[in-house]
Amino acid sequence: MTETLSAATTINLPSQYEPSATEAKWQGAWEQTQAFKANPSQGGEPYCIVIPPPNVTGSLHMGHAFESALIDTLVRYHRMRGRNTLWLPGTDHASIAVSTIIDKQLKAEGTTRQEVGREAYLNRAWQWKAESGGTIVNQLRRLGVSVDWSRERFTMDEGLSQAVLEAFIRLYEEGLIYRGNYMVNWCPASQSAVSDLEVENKEIDGHLWHFRYPLSDGSGSVVVATTRPETMLGDTGVAVNPNDERYSHLIGKMLKLPILEREIPIFADELVDPTFGTGCVKVTPAHDPNDFEMGKRHNLPFINILNKDGTLNENGGPFEGMDRFEARQAVVDWLQGDGAVVEIEEYKHTVPYSDRGKVPVEPLISTQWFVKIEPLAQRTLAFLDEEQSPHFVPERWAKVYRDWLANLKDWCISRQLWWGHQIPAWYAISETEGEVRDNTPFVVAKTEEEAKAKAIAQFGEQVQLKQDDDVLDTWFSSGLWPFSTLGWPEQTQDLAFYYPTATLVTGFDIIFFWVARMTLMASHFTGQIPFKDVYIHGLVRDENNKKMSKSANNGIDPLLLIDKYGTDALRYTLIREVAGAGQDIRLEYNRAADESKSVEASRNFANKLWNASRFVLLNLDGKTPAQLGKPQGNDSTELADQWILTRFDRLVDQTCDQIDHYGLGEAAKALYEFIWSDFCDWYIELVKPRLRQPEGTPTRIAAQQTLAYVLEGILKLLHPFMPHITEEIWHTLTQAEAHQFLALQPYPVAQNVGLATPTISLESEPSPEPTNADTSASGPSSYAAYQAPAASLAQTGLTLLSDWPDLLSRFILRYQSELLIALLVGSALIAIAISDAVISTLNAIPFLETILEGLGLIYLGQFAYKNLLWSDKRTVFLRSLSAEKAKILKSIREGSASDTQTAQSESLLEENSAVKALQRLRNIKSHDEPLPPIATEPLDIETQFTLIIDTIRTIRNLRQEASIKPGLLIDVVLQSENGRERQALQAGQTYIQDLAKVANLTITEQLTEDAQKQTMVGVTGTVQVLIPLAGVIDIDALRAKLEKDLAKVDKEVQSFSGRLQNEKFVSQAPPEVVQVARESLAEAELQCKILRDRLNRL
RNA sequence: GGGCGGUUAGCUCAGUUGGUAGAGCGUCUCGCUUACACCGAGAAUGUCGGGGGUUCGAGUCCCUCACCGCCCACCA
């Protein structure tokens, strides 16, 4: 042992992973070295995500943590896959939220924004932003997000503000922005208009008041109903349905409005539902959207009764100055006094609340700026309908998005606030007596100078200008985010290269607010949908499955959990919970103790990885994976090595496939499974004895190589999910320079190693080089190479030839390219003819086994050993050959295939034994041809290993059942009539001995009478496991166990035989299913037989 | 009033194109075997919300009902 080196590599690695220092270290290192700084000049395939900008007012909540974890995983993955990656961070100015904060501060100081004035107010807001606006951004850093901080943006930055100006002016000049007097949602709390989206409808228990309005001529009255009595002060008519015969005689008559005694007409309008209430509707055109429409249709007066703060104005008559809710009660009281209240009904109805202000909004008419939606929406819808762009994941959200776009109304974009982008419109107030009125002429321009010039040209030198006081809706600037952050309207290199972005990751709650606004704006200004995919995730719910919200005060602080368990643990927890499509996830949490079982489980996982790595590091003699070299496919490579490498390869493919399809949760779970179970519980345990061998022993070296190779692979695969711990271990493992990062290493590529033969490819992998930072030149083609494994197979060329049938069948399996079979097999047919002849001949030779071995028929080599040595196998093989031949012939009859593939396969074929190829072909799925009844090929590695593992488990189980001391070595007999199984057990003999604590292991076809005496017995598959017991065994316990096992197996037998006795099943189910059932039945019956036999012997 | 999602082991959830029900946590029994007790080994647990239907076969497809949750909607 080279003690010194080993010590140097694993300097005092503690047995528990310590997250906080490690996380801080790498977060600092990544940021200081600008590891994630994007460089469009490096070319390659771009991958860009813009952050959904959090509010500057915000602080990190679980939703941010979740979303950032998702995005960071995607981004890190694609970066490692060799894409030129940019994740652009930034924040949003949150007009209303900031205004609310500043207004509150002013109020506390006994002043108002009007008193301090616009300039001082804005200074204050900027100051606030400088002090508090960084909070959320710094908290994001603690999540380990791999953003490019050099490109951080804020919606009120110079550049983004220019983009807003540009967008506004262009839309205005194209007639898509207009100013007008319309009904808007008015929030009395923020004293601003808000858009439809900022209104939340809440169902509340209210009342429906029925009032009697007398006819002016005294001939009677009508009864109307309302949920908002105070609005009657603004009534200018009463409507009935034109087809309502009850009231047709009243149409055209006048009513005397109570209290104000105004004369108002009765008129007919289709909008009125005659079945609701009395069928008479009071109409308040200035305070109800429906009434507004009716008012316009019937030329009714529009009487506004409200001030901006929600109190009644002079039109409120006796109630002037009252708050709207006081007025409501006062009106009711008044009418009750007059006897005009017919009924007060308990009534549940929805009331529109202001999202931000948390008070009911009032519909009222005011002069605002609007974006004309229809032309924009048409274009955006066309992208969706004609190009399926953007592509929603999960797809169901596309429908929601579509419906919304199709029903959009014009968007009110002006807000009566100061914090935000001031509307670039200047009023020629000199034309309207020095004040801004609805009819004051205005010019729209980028700057005051420009406005002045325009105005002078229009109104002369003496014109006086005043800029519109209002600011734009925050979402107006957010709508430009994906391209304004990349430099638009300038044609920057970033914009040219990274736009349109790859994926937008966001919550469903924001599809309308943000996603649709971006697609509307982007399709108009850039002619493109700003992202290819929209990945919609669910919400993080609290431990009671409640939506986390400020008002419910049930938020779970991610930073608290990070402090306790580490960022990687939290990230991993959130991501592994994501299953299926955009489902909400629930976070387990003990509020009293600030503990979370599920995050703790992830922390334990991190710790497991830590310790497994520690074990590996302690056993590499101080060598790095590079120094050790990749696992060589030589004699010292064991079954276990091949198995873990095969599993690893499959994991690589699976992980990539899942992430590519946004299956992050599934990928995370599979990694957990592989690391903990396959790698730690089995591989590491199996490899321990080999590591005790002297340094330099080939089997030890092979083990070290495999350990190092797989560990490094695991770190890479897991890095996007758990970036900090993997970066830390990777540095220790590889002894990488400080400026090198795992985050910038190429993601693993399946090597197609460790298959049926021990040979392992030695060639260098096609490595996609990440393009971030200065570490390397980009490799745009390598990414493509990964996506087409055929290409990488071709590259690996000659070194792989010995394995080609395995590779080929894998390739075919993977790509379902059945066409290939037909042509490949064309030349193989010849070989079949030969084999047929050979086998017939062999059967004719007496003492074949001996002769074969003696002569050492090199010609048939491994094939012969596996298939021809025993006569039962020969029979089986012959059957499979003829089946194969039929299949091949059939394929050829139907065959048509790609010429290039053919050429490739044929050239490969010439180099190899066609017989072996056929053997492999049996693995290929066939949809139309029944498989021959008996499997002939040797068990594949994974099946072999599963058998070994199951056998070990069975022995362990028996040991426990028999209360055999854990450390005690015992003898075990394994019996199977199946040669392939015996072969596999033979191969795993030492594993079974090591892990099941077996001294003497006997593998036999037939049991001797001796072996059947006093024994514990178990069954796995068709393998009988016997533990001869020297001493006395507990017969009752044994009987109980056997009976239990028997009951279970018997149930299986019933189930299968029942099915197989059903003629319809046998005749109608697919042959392979019937076959599987037959085999399962046979196995179960054998198990039954064994168990019964045992019971009888007791 | 429309639309969408959910209902599977005590808890949280997986279950790919229909083909003998799975994981984690928790529980129980062993175990300090020099990576890890934030660990290891073993075990138990489900008429897959109810009811119909299609099928040789349904957790998986269709219909229907129930419950939970979300989104949209101008019923005063």
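Sequence lines set the chain letters: A, B, ... in the order given, protein chains first and strands last, and positions in each chain run from 1.
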Derivation of the salt bridge (Lys or Arg N to Asp or Glu O under 4.0 Å) call for A/Glu230 and A/Arg328: CA-CA 5 Å; A/Glu230 72 282 6; A/Arg328 175 170 300 175; 2.8 Å; yes
Among B/G3, B/G31, B/C36, the nucleotide that comes nearest once only the side chain of A/Arg614 is considered: B/C36
Touch class at under 4.0 angstrom, heavy-atom based, for A/Glu685 against every strand present: base
Sugar-phosphate, base or nothing in reach of A/Trp676, heavy atoms under 4.0 Å: sugar-phosphate
Touch class at under 4.0 angstrom, heavy-atom based, for A/Cys280 against every strand present: nothing
B/U16 base / A/Glu666 side chain donor-acceptor hit below 3.5 Å: no
Rounded P spacing from B/A41 to B/C32 in Å: 15 Å
Phosphate-side-chain proximity, A/Lys965 and B/G31, N/O vs OP1/OP2 below 4.0 Å: no
Check: A/Glu577 side chain, B/A14 base, donor-acceptor under 3.5 Å: no
Sugar-phosphate only, base, or nothing, as touched by A/Tyr17 at under 4.0 Å among non-hydrogen atoms: nothing
Atom-pair distance (CD on A/Glu588; C1' on B/G10), nearest Å: 12 Å
From B/U12, B/A35, B/A76, nucleotide with atom closest to A/Arg586 side chain: B/U12
Among B/C72, B/U20, B/G69, the one nearest A/Phe512 by side-chain distance: B/C72
Sugar-phosphate, base or nothing in reach of A/Asp681, heavy atoms under 4.0 Å: sugar-phosphate
Side chain A/Lys608 and base B/C36 donor-acceptor under 3.5 Å: yes
Sugar-phosphate only, base, or nothing, as touched by A/Arg692 at under 4.0 Å among non-hydrogen atoms: nothing
Sugar-phosphate, base or nothing in reach of A/Arg953, heavy atoms under 4.0 Å: sugar-phosphate
Of A/Cys680 and A/Lys399, the one whose closest RNA chain B nucleotide lies more 5': A/Lys399
Between B/C75 (C1') and A/Asp269 (CG): distance, integer Å: 14 Å
Residue met sooner reading RNA chain B from 5', once A/Gln960 and A/Pro274 are mapped to nucleotides: A/Gln960
Separation of the P atoms in B/U54 and B/C63, to the nearest angstrom: 15 Å
Nearest-angstrom distance, P atom, B/G59 to B/U47: 13 Å
Lys/Arg cation over aromatic A/Tyr565: A/Arg603, 6.0 Å, 45° cone: no
Rounded distance (Å) that lies between atom P of B/A76 and atom CG of A/Leu300: 20 Å
Side chain of A/Thr226 - closest among B/A76, B/C56, B/A35: B/A76
A/Trp676 and A/Tyr672 aromatic centres sub-6.0 Å: yes
Separation of the P atoms in B/U16 and B/C11, to the nearest angstrom: 22 Å
Touch class at under 4.0 angstrom, heavy-atom based, for A/Asn957 against every strand present: sugar-phosphate
Nearest-angstrom distance from the residue atom CD of A/Gln1054 to P of B/U20: 18 Å
Touch class at under 4.0 angstrom, heavy-atom based, for A/Arg603 against every strand present: base
Protein-nucleotide distance (A/Asn201, atom CG; B/C71, atom P), rounded to Å: 11 Å
Touch class at under 4.0 angstrom, heavy-atom based, for A/Lys1051 against every strand present: nothing
Sugar-phosphate only, base, or nothing, as touched by A/Tyr347 at under 4.0 Å among non-hydrogen atoms: sugar-phosphate
